[in-house]
Amino acid sequence: MKRRTKIVVLGSALLLTAGAASAATASDALRQREAAALTGTAELYRSAGDDITLSFDAHLAAKDKADPMKATGTFRFSHYLNGSGARAEVEVDCLVTGGKVAVVSGVITESDLPGAEGKRVGVTVHDLGRHDRLGYSWASTGRPGEGNEPPKCVSSAPFEKVKKGTGDFTVVPWQPEL
């Protein structure tokens with residue numbers, strides 16, 4: 001065999017080996033992928049200029065696929081206008097996703113909003129690319145700490161618009177065995 005032929009044969013063998021390893025890695029990743037997830041940050045649009053930001057880092061492990069109440073992670077929200085407002089950090093207690101929609105709930109662990117700590121809230125995200133939308137439980141239950149608490153995995157329809165250029169949500173759809 002000529003030298004050039006040997007190099008081509010050797011290169012092809014290396015590519016086939018790398019391709020098989022890559023396919024095995026991709027297959028393992030599919031088997032091990034999270035059961036559901038919601039990540040990302042966005043600001044809400046308000047014509048009055050309110051500064052409203054929500055960030056999510058919520059996950060349901062593959063091993064917990066059958067129980068969305070075993071979700072873990074946090075989400076944060078803040079709302080300020082003219083120098084006053086509040087913020088909160090929430091420990092996730094449930095995550096359900098379907099397609100590009102996620103509903104996450106949790107208990108407020110830290111906040112400067114009076115009476116909010118220890119209260120459950122929920123948020124709904126619709127990941128529409130550049131036109132994401134959000135909804136939150138306190139739209140109908142009252143401000144956290146002043147109204148009723150929703151049950152786990154409950155929120156409102158995603159009625160709020162995300163400020164242009166700020167939505168970067170990623171929703172991993174839940175696929176329970178039915």
Side-chain angles (χ1 to χ4, degrees), residues 26-45 51-79 86-113 115-163 165-178:
S27 176
D28 291 343
L30 284 175
R31 277 196 301 274
Q32 296 299 321
R33 89 164 180 95
E34 295 178 289
L38 169 61
T39 57
T41 300
E43 294 178 41
L44 297 186
Y45 171 77
D51 180 8
I52 306 169
T53 303
L54 293 100
S55 296
F56 303 91
D57 187 19
H59 305 271
L60 181 63
K63 68 181 180 62
D64 296 323
K65 182 178 186 173
D67 188 357
M69 289 188 262
K70 289 190 176 179
T72 60
T74 59
F75 64 93
R76 296 170 182 79
F77 60 91
S78 62
H79 184 168
R87 58 158 194 78
E89 183 164 327
V90 181
E91 184 176 330
V92 170
D93 64 10
C94 190
L95 174 66
V96 176
T97 64
K100 295 289 188 172
V101 177
V103 177
V104 62
S105 65
V107 175
I108 297 173
T109 57
E110 186 181 320
S111 180
D112 53 5
L113 183 62
E117 287 185 23
K119 303 297 182 185
R120 178 174 292 106
V121 293
V123 179
T124 304
V125 171
H126 193 179
D127 177 13
L128 294 168
R130 296 182 302 165
H131 304 288
D132 295 340
R133 297 182 73 89
L134 279 139
Y136 37 84
S137 60
W138 56 96
S140 60
T141 62
R143 190 183 82 167
E146 286 188 344
N148 296 316
E149 291 181 67
K152 290 181 178 181
C153 280
V154 173
S155 185
S156 70
F159 62 94
E160 292 264 18
K161 293 179 183 176
V162 169
K163 187 186 280 185
T166 69
D168 69 348
F169 298 122
T170 300
V171 175
V172 174
W174 184 43
Q175 298 170 343
E177 294 177 16
L178 302 175

Study note, to complete from the structure: Closest heavy-atom pair, Ala71 versus Cys94, reported as atoms and distance to 0.1 Å, is CB-C, 4.0 Å

Practice item. Could you check Asp51, Asp132, Leu54 and say which one makes a side chain to side chain contact (heavy atoms under 4.5 Å, CB included) with Leu44? Key: Leu54

Check your understanding: Is there a donor-acceptor pair closer than 3.5 Å between any side-chain N or O of Glu149 and the backbone N or O of Arg120?
Key -> yes

**Study point:** Side-chain heavy atoms of His59 within contact of Thr39, under 4.5 Å
**Key:** yes

Check your understanding: Out of His79, Lys163, Glu160, which residue meets the side chain to side chain contact (heavy atoms under 4.5 Å, CB included) rule with Ile52?
Key -> His79

Practice item. Answer whether the closest heavy-atom distance between the side chains of Phe75 and Leu38 falls below 4.5 Å. Key: no

Practice item. Taking atom types as modelled, find out whether Ser105 and Asp93 have a side-chain donor-acceptor pair closer than 3.5 angstrom. Key: yes

Review point. How far does CD of Glu110 sit from CD of Glu91, to the nearest 0.5 angstrom?
Key: 12.0 Å

Exercise for review: Could you check Leu113, Ile108, Leu134 and say which one makes a side chain to side chain contact (heavy atoms under 4.5 Å, CB included) with Phe77?
Suggested key: Ile108

Exercise for review: Could you tell me which residues satisfy side chain to side chain contact (heavy atoms under 4.5 Å, CB included) with Ser78, sequence neighbours excluded, listed by chain and number?
Suggested key: Thr53, Tyr80, Arg87

Exercise for review: To the nearest 0.5 angstrom, please state how far the OG1 atom of Thr97 sits from the CD atom of Glu34.
Suggested key: 10.0 Å

Exercise for review: Work out which heavy atom in Ala42 is nearest to a heavy atom in Val162; give both atom names and the distance.
Suggested key: CB-CG1, 3.6 Å

**Study point:** Donor-acceptor under 3.5 Å (Ser155 side chain, Val103 main chain)
**Key:** no

Review point. Is the backbone of Val121 close enough, under 3.5 Å, to the side chain of Ser137 for a donor and an acceptor to pair up by distance?
Key: no

Using residues 169-178 as the side-chain source, report each donor-acceptor pair under 3.5 Å to any protein atom, sequence neighbours left out, with the distance given to one decimal.
residue : atom : partner : partner atom : Å
Trp174  : NE1  : Lys65   : O            : 2.8
Gln175  : OE1  : Arg33   : NH2          : 3.2

Review point. Is the backbone N or O of Thr109 less than 3.5 Å from a side-chain atom of Glu89, with the two atoms forming a donor-acceptor pair by type?
Key: no

Point to revise | Listed partners of Phe159 passing ring pair (Phe, Tyr, Trp, His ring centres under 6.0 Å), at least two apart | key: Tyr136

Study note, to complete from the structure: Nearest heavy-atom contact between Gly122 and Pro150 is N-CG, 4.2 Å

Practice item. Determine the minimum heavy-atom distance between His126 and Val101, stating which atoms define it. Key: CD2-CG2, 3.5 Å

Practice item. With side-chain contact (heavy atoms from CB on, under 4.5 Å) as the test, would you mind laying out the steps for Asp168 and Thr41 before giving the verdict? Key: CA-CA 6 Å; Asp168 69 348; Thr41 300; 4.0 Å; yes

Check your understanding: Do Leu95 and Val104 have side-chain heavy atoms sitting under 4.5 Å apart?
Key -> yes

